[in-house]
Protein chains: 2
Amino acid sequence: MADILGGFEQAVLLSLVKLDKEAYGRSIIREASICLNREVAAGAVYATLDRLEAKGLIASSLSPGTPIRDGRARRYFRLTAAGVRALNESKTALENLWRNTRWPLKGNA
Amino acid sequence: MADILGGFEQAVLLSLVKLDKEAYGRSIIREASICLNREVAAGAVYATLDRLEAKGLIASSLSPGTPIRDGRARRYFRLTAAGVRALNESKTALENLWRNTRWPLKGNA
DNA sequence: GCCATAGTGTCTACATTGTAGACTACTATT
DNA sequence: AATAGTAGTCTACAATGTAGACACTATGGC
């Protein structure tokens with residue numbers, strides 16, 4: 001199993017961090033679009049959220065008690081301790097990968 | 001198509017950078033193991049090298065003229081201009097992803 | 001009441017990337 | 001010839017990335 005999270009997973013996870021209490025499907029999609037600077041499909045995000053939840057890196061819960069007012073119930077997501085760890089470790093591994101490499105690379109092709 | 005190279009691809013590509021003229025299958029495997037701080041299977045590396053070559057990010061050539069002395073002919077790899085670009089862009093995209101995020105993250109779960 | 005619209009979540013299908021492990025080749029040594 | 005050391009190849013499958021169609025609930029206007 002890859003010990004480094006993929007770019008998309010990191011984007012989704014970091015979106016949760018930034019949105020904090022306001023992290024639910026559609027808001028995550030919007031935030032991830034900004035982070036990655038491109039359009040991201042709803043399915044892509046939900047599929048990733050499901051996988052991350054299956055791995056225990058995030059947890060979800062439907063709109064807490066409060067009455068639903070604007071459409072379907074929102075599903076809120078939050079990072080678990082394991083999620084925070086995985087994110088930190090991925091970042092660290094990536095830093096190590098580039099350590100000792102002057103960047104940006106000069107086109108030496 | 002992911003605009004951010006995966007961690008393994010980056011490790012392989014960066015190994016080429018570090019090994020420079022001495023980048024061939026087995027030496028890349030050794031270097032990648034160091035970069036990632038874990039064992040990597042030969043098949044994993046060769047498969048990745050083939051894919052990167054198919055995408056035009058690297059190019060290969062068999063041991064240049066010189067007589068083969070220690071086993072099967074070596075296949076040397078080198079980054080193409082597109083490869084350098086892809087590597088730089090991945091790094092940049094990752095930097096942007098983490099921009100404005102204090103790191104390491106505090107376990108707020 | 002009925003329809004259009006807006007905001008949400010779900011499902012299916014497929015492409016790409018990550019990885020393991022067994023296997024083939026060639027040389028030098030014993 | 002048998003063995004070990006260095007190289008590269010192939011197959012198969014798991015994990016991740018992504019698109020696009022679809023379904024549910026509520027509101028506002030006709």
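Only heavy atoms go into these numbers, but all of them, side chains included; no hydrogens, no water, no symmetry mates. Numbered from 1 within each chain, the chains take letters A, B, ... in sequence-line order.
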Distance-only donor-acceptor hits, side chain of residues 43-50 of chain B, under 3.5 Å, sequence neighbours excluded:
from, atom 1, to, atom 2, distance (Å)
B/Thr48, OG1, B/Ala44, O, 2.9
B/Asp50, OD1, B/Arg75, NH2, 3.3

Could you list the residues that satisfy salt bridge (charged side-chain N to carboxylate O under 4.0 Å, His left out) with B/Glu89, not counting sequence neighbours?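 None.
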Test side chain to side chain donor-acceptor pair (under 3.5 Å) applied to A/Arg102 - qualifying residues, sequence neighbours left out: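 Not a single residue meets the side chain to side chain donor-acceptor pair (under 3.5 Å) criterion with A/Arg102.
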Indicate whether OP1 or OP2 belonging to C/dT17 is found under 4.0 Å from a side-chain N or O atom of B/Lys55.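 The answer is yes; a side-chain N or O of B/Lys55 sits under 4.0 Å from OP1 or OP2.
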Any side-chain N or O of A/Arg30 less than 4.0 Å from the OP1 or OP2 oxygen of C/dG7?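 Checking A/Arg30 against C/dG7: no side-chain N or O falls below 4.0 Å of OP1 or OP2.
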Looking only at heavy atoms, what is the nearest atom pair of A/Asp3 and A/Ser90, with distance?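 Heavy-atom minimum between the residues: O-OG, 4.1 Å.
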Would you mind reading off the distance between [X] atom [atom1] and [N] atom [atom2], rounded to a whole angstrom?
{"X": "A/Glu53", "N": "D/dT16", "atom1": "CD", "atom2": "P", "result": "15 Å"}
{"X": "A/Gln10", "N": "D/dG17", "atom1": "CD", "atom2": "C1'", "result": "14 Å"}
{"X": "A/Ile4", "N": "D/dG17", "atom1": "CD1", "atom2": "C1'", "result": "17 Å"}
{"X": "B/Tyr24", "N": "D/dT6", "atom1": "OH", "atom2": "C1'", "result": "8 Å"}
{"X": "A/Asp3", "N": "D/dA15", "atom1": "CG", "atom2": "P", "result": "14 Å"}
{"X": "B/Arg74", "N": "D/dA7", "atom1": "CZ", "atom2": "P", "result": "5 Å"}
{"X": "A/Phe77", "N": "C/dT10", "atom1": "CZ", "atom2": "C1'", "result": "11 Å"}
{"X": "B/Phe8", "N": "C/dT16", "atom1": "CZ", "atom2": "P", "result": "19 Å"}

Measure from the side chain of A/Arg72, starting at C-beta and using heavy atoms only, and say which of D/dA23, D/dT9, C/dT19 lies closest.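 Nearest nucleotide to the side chain: D/dA23.
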The side chain of B/Glu9 is closest to which nucleotide in this list: D/dT16, C/dT17, D/dG8?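 It is C/dT17.
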Between B/Arg99 and B/Glu95, is there a salt bridge with N-O shorter than 4.0 Å?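 Salt bridge absent between B/Glu95 and B/Arg99.
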As a quick check of understanding, evaluate side-chain contact (heavy atoms from CB on, under 4.5 Å) for A/Val40 and A/Val12, giving each step before the final call. CA-CA 11 Å; A/Val40 298; A/Val12 169; over 6 Å; no
Taking only residues two or more places apart in sequence or in another chain, which ones pass side-chain contact (heavy atoms from CB on, under 4.5 Å) with A/Thr101?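 Expected list: A/Trp98, A/Leu105, B/Leu14, B/Lys18.
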Closest nucleotide of DNA chain D for B/Ser27 versus for A/Glu39: which of these residues is on the 5' side?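 The answer here is B/Ser27.
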Run the side-chain donor-acceptor check on residues 29-36 of chain A: report pairs under 3.5 Å with partners two or more places apart or on a different chain.
from, atom 1, to, atom 2, distance (Å)
A/Arg30, NH2, A/Tyr24, OH, 3.3
A/Ser33, OG, A/Ile29, O, 2.9

Taking the axis from the first five pairs and the axis from the last five, what angle separates them in the helix from C/dG1-D/dC30 to C/dT30-D/dA1, rounded to 10 degrees?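 The end axes of the helix from C/dG1-D/dC30 to C/dT30-D/dA1 are about 20° apart, to the nearest 10°.
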So, under a plain 3.5 Å distance rule, would you say the side chain of B/Arg26 forms a donor-acceptor pair with the base of D/dG8?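 Answer yes: a donor N or O sits under 3.5 Å from an acceptor.
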Partners meeting ring pair (Phe, Tyr, Trp, His ring centres under 6.0 Å) with B/Phe8 (sequence neighbours left out):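 Testing B/Phe8 for ring pair (Phe, Tyr, Trp, His ring centres under 6.0 Å), a comparison that skips the adjacent residues, returns none.
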Please write out each protein N/O paired with an N/O of nucleotides 10-13 of chain D under 3.5 Å, distance rounded to 0.1 Å.
none

